[in-house]
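To keep things clear, I will list the structure first and then write my remarks on it.
Numbers restart at 1 for each chain; the letters A, B, ... are given by sequence-line order, proteins then strands.
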Amino acid sequence: SQQGEEDPQALSIQEGENATMNCSYKTSINNLQWYRQNSGRGLVHLILIRSNEREKHSGRLRVTLDTSKKSSSLLITASRAADTASYFCAPWREGGSEKLVFGKGTKLTVNP
Amino acid sequence: DAGVIQSPRHEVTEMGQEVTLRCKPISGHNSLFWYRQTMMRGLELLIYFNNNVPIDDSGMPEDRFSAKMPNASFSTLKIQPSEPRDSAVYFCASSLAETNTEAFFGQGTRLTVV
C-alpha cells in the first residue's frame with residue numbers, strides 16, 4: 001500500500017508544548033508530504049521533504065525523514081490553540097505514480 | 001486564482017435520487033483527485049485523472065459511482081442511485097503532476113442522503 005500511517009491517532013497537549021507526530025510507509029518514495037485539516041475544511045499542504053533530504057524546517061514545523069526505516073516525523077514547536085487540527089502524511093512513490101493517498105491522520109488538540 | 005472550487009457545498013437528497021458533485025481545478029493543473037471522507041473510513045481516494053484521462057478508479061466503491069473530466073477545467077462525480085451510506089464529505093484536489101509537489105484541496109461537498 002502506498003499510504004502512510006500516522007501515529008498516534010490522537011494527541012492532546014497544552015499550549016506552548018511541542019507536538020510530535022509520526023508517519024510510517026511501506027514503499028520507496030520520491031517525497032513525503034504533510035497536510036493539515038481543520039475541522040470541516042479541505043486539507044492544506046504544510047511541507048514537503050524529498051527522499052534525499054533528512055530534515056526540513058518551515059517556521060515552527062520541523063520534518064525529518066528516515067528512508068532506511070521508512071518513517072517520517074512532524075514536530076510542531078511552541079504549539080498554539082490554532083494548531084488544533086488533524087495531520088496527515090502522504091508518501092509519494094517512485095515510478096511516476098501521481099497517486100496521492102492518505103492514512104487516518106493524527107488528531108491534535110492543543111488546549112489553551 | 002480562487003483555488004479549487006467545489007459545488008455545491010452542501011447537498012441533502014433522498015435515497016434513490018441522482019447526485020452530481022462538481023469541481024473546478026486550479027488553472028494549469030493537470031492532475032485531479034476525488035476523495036470521500038467519513039469518520040469510519042477516513043479519507044479515501046476514489047479516482048484520479050491525469051490530463052483529463054482517468055488513471056486509477058480502483059477506489060470507486062461500486063457502479064453507482066461515476067466520474068468524468070470533459071475538459072481541463074471541470075470534473076463531475078455522480079452517484080446514481082444514491083444511498084444513505086454514501087453520506088460523507090467529498091473533496092476534490094488538483095496538482096501539477098510533473099513537479100510531484102503539493103495538492104490543493106477544495107472546501108468539500110457535504111452530502112447527506114436520507
Side-chain angles (χ1 to χ4, degrees), chain A residues 1-10 21 23 25 27-53 56 58 61 63 65 72 74 85-107, chain B residues 2-7 9-10 21 23-26 29-60 88-112:
Chain A
S1 171
Q2 186 177 337
Q3 73 186 56
E5 291 194 12
E6 297 87 355
D7 174 70
Q9 290 188 359
M21 289 157 272
C23 170
Y25 57 92
T27 64
S28 297
I29 59 171
N30 278 359
N31 65 58
L32 186 141
Q33 303 176 31
W34 284 91
Y35 288 77
R36 182 189 72 222
Q37 183 181 33
N38 291 94
S39 181
R41 311 293 292 271
L43 275 68
V44 174
H45 182 265
L46 292 177
I47 193 167
L48 178 153
I49 186 165
R50 301 195 185 280
S51 59
N52 61 354
E53 297 176 310
K56 199 164 184 179
S58 176
L61 305 180
V63 169
L65 179 65
S72 174
L74 171 67
S86 290
Y87 292 81
F88 298 86
C89 69
W92 207 311
R93 202 175 70 183
E94 288 180 2
S97 169
E98 296 102 12
K99 204 168 176 175
L100 194 60
V101 184
F102 297 91
K104 295 283 181 70
T106 292
K107 186 173 174 61
Chain B
V4 176
I5 299 173
Q6 292 187 245
S7 64
R9 290 294 308 276
H10 303 273
L21 311 182
C23 175
K24 182 180 187 308
I26 290 174
H29 282 185
N30 57 359
S31 281
L32 184 138
F33 308 84
W34 280 102
Y35 296 90
R36 176 174 69 176
Q37 188 174 38
T38 61
M39 289 291 292
M40 289 291 292
R41 302 173 72 93
L43 192 62
E44 302 172 275
L45 175 64
L46 301 178
I47 185 171
Y48 83 95
F49 295 84
N50 193 26
N51 293 320
N52 311 338
V53 176
I55 302 299
D56 188 334
D57 64 354
S58 59
M60 296 286 263
V89 181
Y90 291 81
F91 289 102
C92 174
S94 72
S95 71
L96 189 59
E98 287 78 9
T99 61
N100 259 7
T101 54
E102 63 182 296
F104 293 80
F105 279 72
Q107 291 301 302
T109 295
R110 182 173 294 276
L111 173 65
T112 303

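Contact annotation for B:Leu43: both backbone and side-chain heavy atoms come within less than 4.5 Å of a heavy atom of chain A. With a 4.5 angstrom heavy-atom cutoff, B:Met40 touches chain A only via backbone atoms. Residue contact with chain A, scored on non-hydrogen atoms closer than 4.5 Å, involves the side chain of B:Tyr35 exclusively.
Looking at every heavy atom in both residues, B:Tyr90 comes nearest to B:Gln6 through O-NE2, 3.0 Å.
With sequence neighbours excluded, the residues that form a salt bridge (Lys or Arg N to Asp or Glu O under 4.0 Å) with B:Arg41 are B:Glu44.
Of the N and O atoms on the side chains of A:Gln37 and A:Tyr35, not one donor lies less than 3.5 Å from an acceptor on the other residue.
Taking the six-membered ring for Trp and thresholds of 30 and 60 degrees, B:Phe33 and B:Tyr48 have nearly parallel ring planes, at less than 30 degrees apart.
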